[in-house]
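See below for the structure under consideration.
Order of the sequence lines sets the chain letters (A, B, ...), proteins ahead of strands, with each chain counted from 1.
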Amino acid sequence: MLRINCPFCGIRDEAEFKFGGDASVKRPPADAGAEAFYLYAYERDNPKGWYVEWWHHVAGCRQWLKVVRHTVTHDIAQVAKAGDAVSVPQS
Amino acid sequence: MSQRNRLASGGRIDRSRTLKFTFDGHAFEGHPGDTLASALIANGERLVGRSFKYHRPRGIVTSGPEEPCALVQLRAGARQEPNTRATVAELFDGLVATSQNRWPSLAVDIASINSLVGRFLPAGFYYKTFMWPASFWEKVYEPLIRRAAGLGKAAMEPDPDEYETVHAHCDVLVVGSGAAGLAAARAAGAAGARVILAEQDFEMGGGLLLEPQHEAWRRSMLEALSAIPDVRLLPRTSVFGFYEHDVLGAIERVSDHLPVPPDHQVRQRRWTIRARQTVLATGATERPIAFPNNDRPGVMLASAAMTYARRFGVAAGERAIVFANNDGGYESAFALQDAGVAVAAIIDVRNKAKGADAARDRGIVVRLGSEVTNVHGGRSVSGATIRSRNGGGERTIDGDLLCVAGGWNPAVYLASHTRARLRWDGGLSAFLPGTPVQAERSAGTAAGVFGIARCAADGAKAGLEAASAAGFRDSKAFDLPAPDGGDADPKVEAFWEVKAKGKSFVDLQNDVTADDIRLAHREGYTHIEHAKRYTTHSMATDQGRTSGLLGSAVLAEARGETVQKVGMPTYRPYVTPVSWGGFAGREAGHHLAPVRRTPLHHWHIRNHGIFLETGLWLRPLYYSATRETGWDPILREARAVRQNVGICDVSTLGKIDIQGRDAGTFLDRLYTNTFSTLAVGKARYGLMLREDGMVFDDGTTSRLSETRYLMTTTTAKAAEVLAHMEFLHQTVWPELDVRTCTVTDQWAQMSVAGPKARLALQGCVEGLDLGNEAFPFMGVGDARIAGCPVRLYRVSFSGEMAYEVATPAGYGERVWEAILEAGKPQGIVPYGLEALGLLRIEKGHVAGPELNGQTTAKDLGFEKMMKKKGDFIGRVSAERPALVSPDRPRLVGIRAVDPSFEKRLRGGAHLVEKPDSKKSLGWATSITRSVELERWLGLAMIRQGPERIGQRLYATYPLKNEVVEVEICSPHHVDPENLRVRA
Amino acid sequence: MSKYSVFRLISEGLRGQTGWGRAWRDPDPKPAYDVIIIGGGGHGLASAYYLARTQGITNVAVLERGQIGLGNVGRNTTIVRSNYLFPENNLFYEKSLQLWEGLEQDLNFNVMMSQRGVINLYHSDSQRDAYARRGNSMRLNGIDAELLDREQVRAMVPILDFDNARFPIQGGLLQRRGGTARHDAVAWGLARGADRLGVDIIQNCEVTGIRRDGDRVVGVETTRGYIAAPKVGIAVAGHTSQVAAMAGIRLPVESHLLQAFVSESVKPVLDHVVTFGAGHFYISQSDKGGLVFGGGLDGYNSFSQRGTLPEAEHVISEGVAMIPMLSRLRVLRQWAGVMDMTFDGTPLICKTPVRGLYVNGGWCYGGFKAVPGSGWCFAHTIAKDEPHAFNAAMTIERFRDGAMVDEKGAGPFPWLH
Amino acid sequence: MSAPERLSPFGPEFTPGRHGASGGSPVTLAERKVDIVQVMAGRGGDAAAASAVGSVLPGPGKAEIAGSSMTVWIQPSGWLVIRPRAEEGALARTLASAAGDSVAVVDQGHGRSVLRLSGPKAGDALAKGSRVDLHARAFPPGSAATTSIDHMTVTIVKVDASTFDLVLPGNFSEAFVDWLRMAAAEFGYEIGRPA
Ligand SMILES: Cc1cc2nc3c(=O)[nH]c(=O)nc-3n(C[C@H](O)[C@H](O)[C@H](O)COP(=O)(O)OP(=O)(O)OC[C@H]3O[C@@H](n4cnc5c(N)ncnc54)[C@H](O)[C@@H]3O)c2cc1C
Ligand SMILES: NC(=O)c1ccc[n+]([C@@H]2O[C@H](COP(=O)([O-])OP(=O)(O)OC[C@H]3O[C@@H](n4cnc5c(N)ncnc54)[C@H](O)[C@@H]3O)[C@@H](O)[C@H]2O)c1
Ligand SMILES: Cc1cc2nc3c(=O)[nH]c(=O)nc-3n(C[C@H](O)[C@H](O)[C@H](O)COP(=O)(O)O)c2cc1C
Ligand SMILES: [Zn+2]
């Protein structure tokens, strides 16, 4: 069971959250064209290692959080507010 | 004689009380403190089960949860429980146990013939045969195999007992209550940490339970622990898995030692433990050696025989032969001798042994450099053949108990779950936990430390370190036991298998022999994981707890490599198997998921609502006080709406309050259509897409003030829509001034629909002019009904003139009843989900079956709702070529050509050109019996649908061999001009 | 290499089963092959087998980074069926099912294909209609399907909770030809079959790079050296993104965890494969007596191959709700596999932007049943450099074009498929 | 005009009485009759919200408790203001007009319910389902946490060592009590009168 350290609520169980996918992709501007939206919606790095992803604290403070998680060990290096920058560990 | 193997004294059983039990119908007695296994041994029962494949007679091998053979059917009736390890089942008065996997009886088991033909049934034989003729597999071979499958029998009735799950948090979790665990818990507790000490046994103490000289220390430790408020002791609790983020699962057998759970108490309780730090003081299990016929009842691990003598006060035999590759065997031999068991000989594979002299002093024959080459006896050991490993002849020794001391396997499984690599210890010839990767450390024998004093010291150190790592550094000293000198040298000679003729078992439960493992190797299944799967070694209910390493060693020899190179099959949860009930806890039967009730729920119950589960909600399908069946109540309700007026509970619709200066802009980007231009006091139908261009949700949104909107969503998507909005606002457009929250539960909402809806409402609404001019279609206004505040929305889902009346939930019933009362003259009736569906299908409104995530706005005929200017979610992706292809299925209406109702149209039918055509043009999404057109009709997604309006097609339903001719039409079967809603 | 039969088993029995040799050879890699298949799972092995068997290309190597068969093919719940909704899928899976039906004779290896019927339970009228749409689609395409009402389901699976459950059962969609096959045996049988046709199965050979010459593939770097081949097929399931990235390709694929469980073994109580329609739970009983079951994805990207507690709670609760008599049985083991999830839940068997490089992946959690069909189609695609009709829709471009094959309608969220 | 008495969201079976194991001191559960308003401040709106609420607005994880009133942090710049029940809708109206445009005020008086749980075993019963650590060290009086219990979103407010107020989604009120009855059965529980 993942335990995610919400910057507002503290460490909470995975059960309070909903996963929201890759947080490294950014919604293109409205006029960016079809290819940009295709890349945004579909193509992924899918790293085996550190990953920046969205988690929604639905049964908590209802904030979307940026979580830096390792996809093999499930270690979490950082949990940030939606607007904050995160740093991804090397290796 | 009753309890003929019970020792006169000693042990931790209460001889002053007698418990009665039966095994295979025979009545026996035991004492409190016994396990079923110790009580069976006390009564001289040797043969307790049959093996899986060969049905060989099997006895009790261990004294703990690692037991591979003594599995019984415990209890009877609905509480019966297969594959229960007799070695952990606590004896209670009236216990009933039966042996399993035998027919007709344990003593005479027909299938034991398998053993005779065993040489034709090596590992994996089934992969090589049963292939010819092909048709025989289903009819002959597989039924045969399935008849042989399985061990125990499951109860077929539902379980009468209850279970629960509980959450726990601690600074330090200590697993195991031996010397190491007790000391660890004490050290951590004294430092101020919150401690949980979990012990699978019903008594705390582990190995200490065998050491009367340390009893005082054990008790003082337990007393001290009980006195620390933040220490929680959990006996009968097995920690079954170590999961990521330092969460561990444990199962507490709350009432398994009782005939039935007490009132208001559960049978088992499952713990989810979040531990800052964990100390694994899980001890070690002894392991066997492979030699011919090492599975005969009476072949037992030496430590188990010692445990039976010292802890349970029973002699596992009268005359013991001990076979050892380490000093542990001597300790057991002495313990047996002290208990009055004759020790025929110690057969030691080593040429030198520290204990040999002491043994000889005790009059025990010691044969160094020797091995056991065969075991005699059928259903019980009668003796063994031994020989010198340095050459020389074989000789036979009589004895009814063969104790095997093959070395120790430190219990590394929990550490292993964390992915900590195992480390080979040459001295112990065993794997130890390697460098931790989670917040855990192993202590005591689990970490390869032997001896009570040393284990206690190691535990204390681990407890302190764990507390310190959890932030508690205030250490307090306490007494540790002094070394008592009896500590045997744990060094083990790496001796695994006696090479002699006969079946030498490696995995006792699954009947895997050393030869099977060699066969796997010969056939190229040389990796340990391949060999495991090919032979099923380590895959039985004991998961290779005693013999896993033995299998690796046999394979290592075949490969010509070291055991550490070969490694062990991966350890996975569960350390010991966990009941399904314990896992489910309260979430069984009705409690699988909480019930979400509308504010009108109890009115529906009192008024004969027939409920349907929709998501977590319960919603009335229809109301029927009489014996109306099938379509009757539905048609009655729907007709009432079309002809007069009906009222329906629509409280389940999602409702989202949206406020802020940019609320309008925000909605413009969410919806395909525009909301910033909506007038205050008006509602508008909106359509939302996903970013991939598919329709996500729809509903009406009203503008309550310049800066405030109220959105309604479908019941199904309510939570998702709010999350979607929060995502967009928080991550994509944080600059917008908007705040959102759900108000779904705040409002009871009811749809009052029908040509007489206004009349009905006029009878109870106060403070709002319902006239068409004052309150036109899509109007929103506040009023009161029966003194309760209400908000009216003039929106319609049925196609009739309709009002949705919302009132704060607590007034729901009162308002509902007031409307029913007021509508009496108009013949108002409550209608349920079925009639609601019927009406919306007639009207051509889309719902779940059409909004299934596979349809675009264009598919549903909503292309006009996609604004041309400005950004909105899904705009770009919806224009991808295949999504705008004219060939996509699009929404149309279909109607049975024959109005007789005889030939039934059904949802899920496909549309084809000819009655027997196989080429599907589309499918029927929603079908109903129409009250307006008096025939079957519905909605369908059909390729080039709109172009086909007027054509005839066939709705085919091969699942029932039905074909119905239909006419393609507009989806708006009722009032296509939409006049009624504006009336 | 000797043929497997009962006669051989008996004659071997008389001499201690000592005459059996390796089921497949253990060759060193050659410097070059006509085709390299990366990945020794079900799909890689089947692709190599059918390249040799139906396309006549035998100079083929399967490169497996560890041991064959220990990936998803060796850790799945073994359900085989072809009850899909869209023809793009159901015709393909039906081809696969037909290959399954002859596989043991074809391979001379008993993969224990057991057609005991797969029942998908439905719990409401709308769910019944959705299943009917699927069942009718299957029937139109010549695939067996039956719609059962509550009493028919009760007659087949009396241990289900029909009345007291939170989500009462109304009926089920049955595919009688569906069932299970022995996971390990499939990998081993295909390996032995391919090997007998000349394919080199090379274990402990991890592909670490894909070498290109312009827009063409020329070979692969491995932990056992460079191996050349004009055609390379990727069949690495959960690692599709990683291997494709070696050729500079990003895919609409994410890796997610799927877990499985087995209970202690008991005498047969369940003859069919049954899936719960009001949640995510499916179960069958193996020929050994263990109840093998599973549920949904963990819901977040993962390569951990490790079971989790929340999923166990979830799955097992649904199991008890569906079959209350399971309550007193015990769950023995829990494990996981890394699933290559696409953004519409339908696989990829196709060419890539790099010439000579083909990808077979995106199996989501339904790829076991696809094993023979996928191998057959992938072999065709590689040999002919164009897809067969069965896999024509399974391209990467479908996402760019908007031609998704999204059976669940879950949208571009792989963890929801 | 004041509205009539409302129906309890806890359903008809939530009537005073003793249940579960007998003896010892039972866990007490009682509905609290309160008004509940959700306050969400926009950018720079916290001060306006504070002055409208008329008390300190607690930070994350906290509740400001004064007698039978409390203000509970539920999200960034978001609080639940809970007061003894008065005229229907009045609290929301007052707060909205006092707070002005930068603060969104939403009446949740019927959308949420408040259950008071008390007695020496109250914490033990609740802890069975609480994923949040309720130990005195981690969760002293005045603490508040929104979490998921038996799949329902619940805000737990610790009033004192043996008293918890649980803010529940209105439509799940009965289901939550279903769960709590089971959790408290081994200790015995008593349903008290609404207050
Ligand atoms: C728990 C679970 C239950 C499932 N249940 C079912 C079911 O009931 N029915 C069903 O149809 N499907 C099911 N599936 C899905 C199915 O198992 C998979 O879709 C399918 O097995 C994947 O294809 P594969 O067999 O080729 O994969 P794998 O067996 O994973 O093969 C991929 C191989 O590629 C190798 N590899 C990876 N990277 C490299 C590299 N760089 N170089 C060389 N080799 C590499 C891996 O080591 C691995 O052996 C389930 C899956 C899981 C995990
Ligand atoms: N004679 C024996 O049977 C035996 C066996 C091992 C150790 N010893 C001796 O005992 C002392 C070792 O002390 P120790 O504390 O290291 O080990 P220990 O064997 O005394 O205690 C380990 C305890 O952990 C418990 N345990 C194991 N796995 C568990 C799990 N998953 N969940 C809950 N409980 C679990 C066991 O039931 C046992 O009580 C040494 O003197 C050693 O030589 C004796
Ligand atoms: C269909 C099936 C049945 C299984 N039955 C058993 C079993 O009876 N006993 C067992 O220990 N493991 C069983 N397993 C699990 C394997 O032991 C193993 O856990 C799984 O293949 C994953 O490998 P891993 O645990 O080594 O990662 C079974 C696996 C599958 C796929
Ligand atoms: Zn939070």
B:W923 six-ring face occupied by C:R133 cation (under 6.0 Å, within 45°)
yes

Apply side-chain contact (heavy atoms from CB on, under 4.5 Å) to C:L147 and B:R906, showing your working.
CA-CA 13 Å; C:L147 195 65; B:R906 297 178 197 271; over 6 Å; no

Side chain, backbone, both or neither of B:A155 within contact of chain C (heavy atoms, under 4.5 Å)
backbone

Which atoms of B:P594 are under 4.5 Å from chain C, going by heavy atoms: the side chain, the backbone, both sets, or neither?
backbone

Does any heavy atom of chain C fall under 4.5 Å from the side chain of B:A78, the backbone, both, or neither of them?
backbone

Chain B contact via C:A165 - side chain, backbone, both or neither, heavy atoms under 4.5 Å:
backbone

What part of B:M694 is in contact with chain C, defined as an atom under 4.5 angstrom from a non-hydrogen atom: side chain, backbone, both or neither?
side chain

Residue B:R267 versus chain C: region with a heavy atom under 4.5 Å
side chain

So which part of B:L616 gets closer than 4.5 Å to some heavy atom of chain C, the side chain, the backbone, both or neither?
both

Taken to the nearest 0.5 Å, the spacing of B:S920 OG from C:N141 CG works out to 8.5 Å

Side chains of B:R518 and C:T18 only: does a donor on one sit below 3.5 Å from an acceptor on the other?
no

Chain C contact via B:A540 - which portion, at a heavy-atom distance below 4.5 Å:
backbone

Name the region of B:L618, side chain, backbone, both or neither, that has any atom closer than 4.5 Å to a heavy atom of chain C.
side chain

At a 4.5 Å cut-off on heavy atoms, which part of B:E244 comes close to chain C: side chain, backbone, both, or neither?
both

Name the region of B:H417, side chain, backbone, both or neither, that has any atom closer than 4.5 Å to a heavy atom of chain C.
backbone

Taking B:R79, B:K918, B:R146 one by one, which has the highest count of heavy-atom pairs under 4.5 Å against chain C?
B:R146

When C:M138, C:R134, C:R139 are each screened for side-chain contact (heavy atoms from CB on, under 4.5 Å) with B:L959, the one that passes is C:R139

The interface call for B:D516 against chain C, heavy-atom contacts under 4.5 Å, is neither

Determine the interplanar angle of the C:F109 and B:Y127 rings, folded into 0 to 90°, and report it as parallel if under 30°, tilted if 30 to 60°, perpendicular if over 60°.
parallel

Which heavy atom of B:E523 sits nearest a heavy atom of C:Y4, and at what distance?
OE1-OH, 3.7 Å

Donor-acceptor pair, distance only, cut-off 3.5 Å: does the side chain of C:N136 make one with the backbone of B:G908?
yes

Examine whether an atom of B:N510 lies under 4.5 Å from a heavy atom of chain C, and if so say whether it belongs to the side chain, the backbone or both; otherwise answer neither.
side chain

Interatomic spacing from CD in B:Q73 to NZ in C:K267 - rounded to 0.5 Å
10.0 Å

Contact origin within B:Y141 toward chain C - heavy atom pairs under 4.5 Å
neither

Can you tell which part of B:E879 gets under 4.5 Å to a heavy atom of chain C, answering side chain, backbone, both or neither?
neither

